[in-house]
Amino acid sequence: MANVVVVGSQWGDEGKGKIVDWLSDRANVVVRFQGGHNAGHTLVIDGTSYKLSLLPSGVVRGKLSVIGNGVVFDPRAFVAELERLKEQGVSITPDILKIAENVPLILSLHGELDRLREERASKGSRIGTTGRGIGPAYEDKVGRRSIKALDLLNPDVLPDKVERVLAHHNPLRRGLGVAEIEPQTLLDELAGVTPKIAPFIDRVWSVLDEKRRAGERILFEGAQGSLLDVDHGTYPFVTSSNVVAGQAAAGSGLGPNAIDYVLGITKAYTTRVGEGPFPTEQQNEVGQTLGERGHEFGTVTGRQRRCGWFDAVLVRQSVAINGISGIALTKLDVLDGMDEIAICTGYRLDGEEIDYLPASAHLQSRVEPIYETFEGWSDSTVGARRWADLPAQAIKYVRRIEELIGAPVALLSTSPERDDTILVT
Ligand code: 2SA
Ligand code: MG
């Protein structure tokens, strides 16, 4: 296997954790390249479930794991996650985990600002963020005032950096009617975590370059989904990072030629957590059944996910913007036993048929899905390990998805257990 980028092809929660775990067995290095502890990846290994949000999934299997510069890094969340894993018997040392020296930090003021804005937003402008400070931390990064991991190691420059970040945030806080922050308070916050982070900080681009030259296999682990991409997603109802496959290079410090294969993780229906347009949403019994059978609750926040039919228009668009080579289709079993299943093949907008999602949120909220319906299947697909174990109708559904999205199904996942995976190509 060559170097693979795993991305979500919908709005996240497609089941990336399991697939990354399956692939990490065959990789030498696992890299996170965007997002932060807003991600929620669940791995089930020998019946034990591990919930990761900031750490690359490879850590559970002792693979070299890398937090790239494209991530926003919350030191306190990091320490808490290390503790949780330790309690589960997984110990993580600096020789298997590297944090990019140039990764921007999420400070407590970022989380506070994120939550305040959400609380005070009107219904139509609320994003439904995870409240983890992701957006404000990325704002500071592009605003050129982030405190970066390497600054923790340099007590001479830290006071200047703190001053710079507070020069932006204190006026903002004043405007919001919350107390300003004293430089010393922020310095203390950082001093408290530095000893725990320092041993992991490294020149990640160089570590990865070395690994690549040595022919080691690198797995890039995306978080969220393509429709949450800050450029290509359902803006402004998106996360604040680029989540598409191209970001794997920029967010880790490797060139695009380091990427050999893009695997799009795709759920057999659609879910979304948070606000924003969702053309195939089923606010009815169908949506409820999908949610219950698919256990559709946020890993990080426990929020209930909105559910709907498979939207081939959206996934076809994801295939294009990510350069998806093949997909891993997940949670097909959730559809077991349904009498009828629908796939959205196009939209109607102002009486016209279109085959893409318009870029404006205003139009996105007005498109009406055009459905193709399928007879369901009554047999269970849970735990199928061969193509031949699947009911004929299920195969028909999968084949139609391939046709509509313009990409082959490379893997089919039939339960959360990693061995219940059918390798198709
Ligand atoms: P943020 O916090 O600024 O990134 O939120 C902006 C939007 O991005 C969505 N978002 C997500 N959607 C699905 N899954 C995510 N990760 C967790 C999970 C979420 C959870 O895997 O379950 O536990 O709730 C994730 N992270 C961000 C978010 O809902 C906003 O729409
Ligand atoms: Mg998730």
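For ligands, and for the atoms within them, numbers begin at 1 and follow the listed sequence.
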In a simple table, one pair per line, please give the protein and ligand 1 atom names for every N or O pair closer than 3.5 Å, along with the distance.
unit_1   : atom_1 : unit_2 : atom_2 : d
ligand 1 : 2 (O)  : Thr130 : N      : 2.8
ligand 1 : 2 (O)  : Thr130 : OG1    : 2.6
ligand 1 : 4 (O)  : Asn38  : ND2    : 2.8
ligand 1 : 4 (O)  : Thr239 : OG1    : 2.6
ligand 1 : 14 (N) : Asp13  : OD1    : 3.2
ligand 1 : 14 (N) : Asp13  : OD2    : 3.1
ligand 1 : 16 (N) : Asn38  : O      : 2.8
ligand 1 : 21 (O) : Asp13  : OD1    : 2.7
ligand 1 : 21 (O) : Gly40  : N      : 3.3
ligand 1 : 21 (O) : Gly40  : O      : 3.2
ligand 1 : 22 (O) : Asp13  : OD1    : 3.1
ligand 1 : 22 (O) : Thr299 : N      : 2.9
ligand 1 : 22 (O) : Arg305 : NH2    : 3.1
ligand 1 : 23 (O) : Thr299 : N      : 3.1
ligand 1 : 23 (O) : Val300 : N      : 2.5
ligand 1 : 23 (O) : Thr301 : N      : 2.8
ligand 1 : 23 (O) : Thr301 : OG1    : 3.4
ligand 1 : 24 (O) : Thr301 : OG1    : 2.4
ligand 1 : 24 (O) : Arg303 : NE     : 3.4
ligand 1 : 24 (O) : Arg303 : NH2    : 3.3
ligand 1 : 26 (N) : Asn38  : O      : 3.2
ligand 1 : 26 (N) : Gln224 : NE2    : 3.4
ligand 1 : 29 (O) : Gly128 : O      : 3.2
ligand 1 : 29 (O) : Val273 : O      : 2.8
ligand 1 : 29 (O) : Arg303 : NH2    : 3.0
ligand 1 : 31 (O) : Val273 : O      : 3.4

#### Entry: Number of protein N/O/S atoms that sit closer than 2.8 Å to the Mg ion (ligand 2)
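My tally for this metal is 2.
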### Query
Which residue pairs pass the side-chain hydrogen bond (donor to acceptor under 3.5 Å, both in side chains) test when at least one of the two sits in residues 127-139, sequence neighbours left out?
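Listed by first then second residue: Asp114-Thr129, Arg117-Glu139.
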Name each donor-acceptor pair under 3.5 Å that joins a side chain in residues 93-104 to protein atoms two or more places apart or in another chain, with its distance.
unit_1 : atom_1 : unit_2 : atom_2 : d
Thr93  : OG1    : Asp95  : OD1    : 2.6
Lys98  : NZ     : Pro94  : O      : 3.1

### Message
Less than 6.0 angstrom separating the ring centers of Tyr397 and Phe374, yes or no?
### Response
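Between Tyr397 and Phe374, the centre distance is under 6.0 Å.
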#### Entry: Centroid separation Phe200 to Phe78 less than 6.0 Å
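Ring centres of Phe78 and Phe200 closer than 6.0 Å.
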Considering only heavy atoms from C-beta outward, does the side chain of [X] approach that of [Y] to under 4.5 Å?
{"X": "Ser65", "Y": "Leu55", "answer": "no"}
{"X": "Asn38", "Y": "Val72", "answer": "no"}
{"X": "Glu368", "Y": "Tyr347", "answer": "no"}

### Query
Could you walk me through whether Asp140 and Ser146 pass the side-chain hydrogen bond (donor to acceptor under 3.5 Å, both in side chains) check?
CA-CA 5 Å; Asp140 280 358; Ser146 278; 5.7 Å; no
### Task
Look at Arg306 together with Glu296 and state whether they make a salt bridge at an N to O cut-off of under 4.0 Å.
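Result for this pair is no, no salt bridge flagged.
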